[in-house]
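What follows is a single structure, written as structure tokens, with notes after it.
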Amino acid sequence: MAKDLKYFMRPAAKEDQIVTVPGLESIKDENGKVIDFEIKKLSNEEIDSINKMYETKTLLKDKKGNFVINNGRAVYKVDRDNGRAARHIMAEALVYPDLKDEKLMQFFNCNDITLMPYKVFPDNKEFEYVSNKVMEVLNIIEPEDDKEELVKEAKN
């Protein structure tokens, strides 16, 4: 008996999902209302692609300067700039504020989207809050509420 694959043909799996999260107390509109953030859920494929952009491979050499060969193949050393990759993911995921917006980038005199999170959220607490919210929406880290729940359960 053939199994039906229609259950996996979900339109939601192909559509962009945007999540609204509470903003920062330090960023308010003219009426004093906190500005919420809008975060796009990036696919695993998009996140993987961004991570690979900040990966460099170099041929591994031994102490004598000879290339390391294993089973007839050259061995590579892989370095990854996780910080830049994470900031690029932030810039791609944030829909509002759009860190890739030309006017916003001009205002901060910045032409590198991996530096924009630092420019728009210069305070360490602001940056950490926004970074955590983005990573929570992308399911890269556990939401703070879940962490607090686990701590309470562990104490009991």
Side-chain angles (χ1 to χ4, degrees), residues 3 5-24 26-27 36-151 154:
K3 294 185 179 184
L5 295 176
K6 71 179 180 185
Y7 306 112
F8 298 96
M9 297 176 193
R10 303 166 293 145
K14 292 173 35 176
E15 297 170 359
D16 286 344
Q17 296 176 353
I18 308 234
V19 176
T20 301
V21 298
L24 296 160
S26 56
I27 302 175
D36 289 338
F37 296 122
E38 293 177 4
I39 302 169
K40 174 184 163 191
K41 283 189 154 194
L42 302 176
S43 69
N44 289 329
E45 186 177 2
E46 290 170 299
I47 293 169
D48 189 49
S49 175
I50 292 169
N51 281 323
K52 284 182 180 171
M53 291 171 65
Y54 299 97
E55 195 174 88
T56 55
K57 293 180 182 181
T58 53
L59 286 168
L60 188 62
K61 292 184 179 182
D62 62 17
K63 291 180 182 178
K64 294 181 182 178
N66 300 317
F67 293 113
V68 176
I69 306 294
N70 187 11
N71 292 330
R73 293 182 177 221
V75 177
Y76 289 88
K77 177 183 175 195
V78 179
D79 291 311
R80 185 175 296 128
D81 189 341
N82 292 325
R84 270 187 93 194
R87 292 189 309 273
H88 189 143
I89 289 168
M90 277 178 72
E92 288 296 330
L94 277 167
V95 175
Y96 187 75
D98 179 1
L99 301 186
K100 298 177 294 179
D101 179 79
E102 191 176 316
K103 288 181 184 177
L104 189 62
M105 291 181 80
Q106 283 177 352
F107 176 83
F108 285 105
N109 195 27
C110 184
N111 59 4
D112 182 350
I113 65 167
T114 66
L115 295 177
M116 283 301 289
Y118 285 151
K119 303 286 187 181
V120 178
F121 311 109
D123 180 80
N124 203 30
K125 283 191 183 253
E126 288 180 354
F127 179 86
E128 182 180 3
Y129 174 82
V130 176
S131 176
N132 285 342
K133 287 298 177 193
V134 168
M135 298 306 162
E136 286 172 12
V137 167
L138 300 178
N139 293 317
I140 294 174
I141 64 171
E142 297 254 341
E144 283 298 317
D145 299 344
D146 292 354
K147 289 178 191 173
E148 291 171 14
E149 198 76 25
L150 290 172
V151 170

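Numbering starts at 1 and runs along the sequence shown.
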Verdict with reasoning, F121 to I27, per side chain to side chain contact (heavy atoms under 4.5 Å, CB included)
CA-CA 10 Å; F121 311 109; I27 302 175; 4.2 Å; yes
Under the side chain to side chain contact (heavy atoms under 4.5 Å, CB included) criterion, do M105 and I113 qualify, and how do the steps go?
CA-CA 8 Å; M105 291 181 80; I113 65 167; 3.8 Å; yes
With the side chain counted from C-beta on, respond yes when K100 and M116 share a heavy-atom pair under 4.5 Å apart, and no when they do not.
no
Would you say that I39 contacts I18 through its side chain, given a criterion of any heavy-atom pair below 4.5 Å between the two side chains?
no
Tell me whether K40 is salt-bridged to E92, with the criterion being a basic N under 4.0 Å from an acidic carboxylate O.
no
Step by step, would you call L104 with D98 a side chain to side chain contact (heavy atoms under 4.5 Å, CB included)?
CA-CA 8 Å; L104 189 62; D98 179 1; over 6 Å; no
Among residues two or more places apart or on two chains, list those pairs meeting ring-ring contact (aromatic ring centres under 6.0 Å, His included) that have a residue in residues 42-64.
Y54-H88
Residues pairing under side chain to side chain donor-acceptor pair (under 3.5 Å) where one sits in residues 68-82, two or more places apart or in two chains, turn out to be E55-R80
Check this for me: does any side-chain nitrogen of one of K133 and E136 sit under 4.0 Å from a carboxylate oxygen of the other?
yes
So, taking the atom named CG in L138 and the one named CG in N44, what distance separates them when rounded to the nearest 0.5 Å?
9.5 Å
I'd like to check the side-chain contact (heavy atoms from CB on, under 4.5 Å) partners of K64; sequence neighbours left out, ordered by chain and number.
D62, N66
Other residues, nucleotides, ligands: >12 heavy atoms within 6.0 Å of D123 CG:
yes
Contact check, side chains of R87 and D112, non-hydrogen atoms, under 4.5 Å:
no
What verdict does the side chain to side chain contact (heavy atoms under 4.5 Å, CB included) test give for M135 and I89, after you've listed the backbone C-alpha separation in whole Å, the side-chain angles of each residue and the deciding distance to 0.1 Å?
CA-CA 9 Å; M135 298 306 162; I89 289 168; 4.2 Å; yes
Taking the side chain as every heavy atom from C-beta outward, state whether V130 and P117 have any atom pair closer than 4.5 Å.
no
D36: salt bridge (charged side-chain N to carboxylate O under 4.0 Å, His left out) partners, not counting sequence neighbours
none
Sequence neighbours excluded - ring-ring contact (aromatic ring centres under 6.0 Å, His included) pairs with any residue from residues 89-118
Y118-F127
Using side-chain contact (heavy atoms from CB on, under 4.5 Å) as the criterion, list what pairs up with K41, not counting sequence neighbours.
Q17, V19, V137, N139
Less than 4.5 Å apart, any side-chain heavy atom of N132 and any of I141?
yes
I want to check something: taking the side chain as every heavy atom from C-beta on, are I47 and I140 in contact at a cut-off of under 4.5 Å?
yes
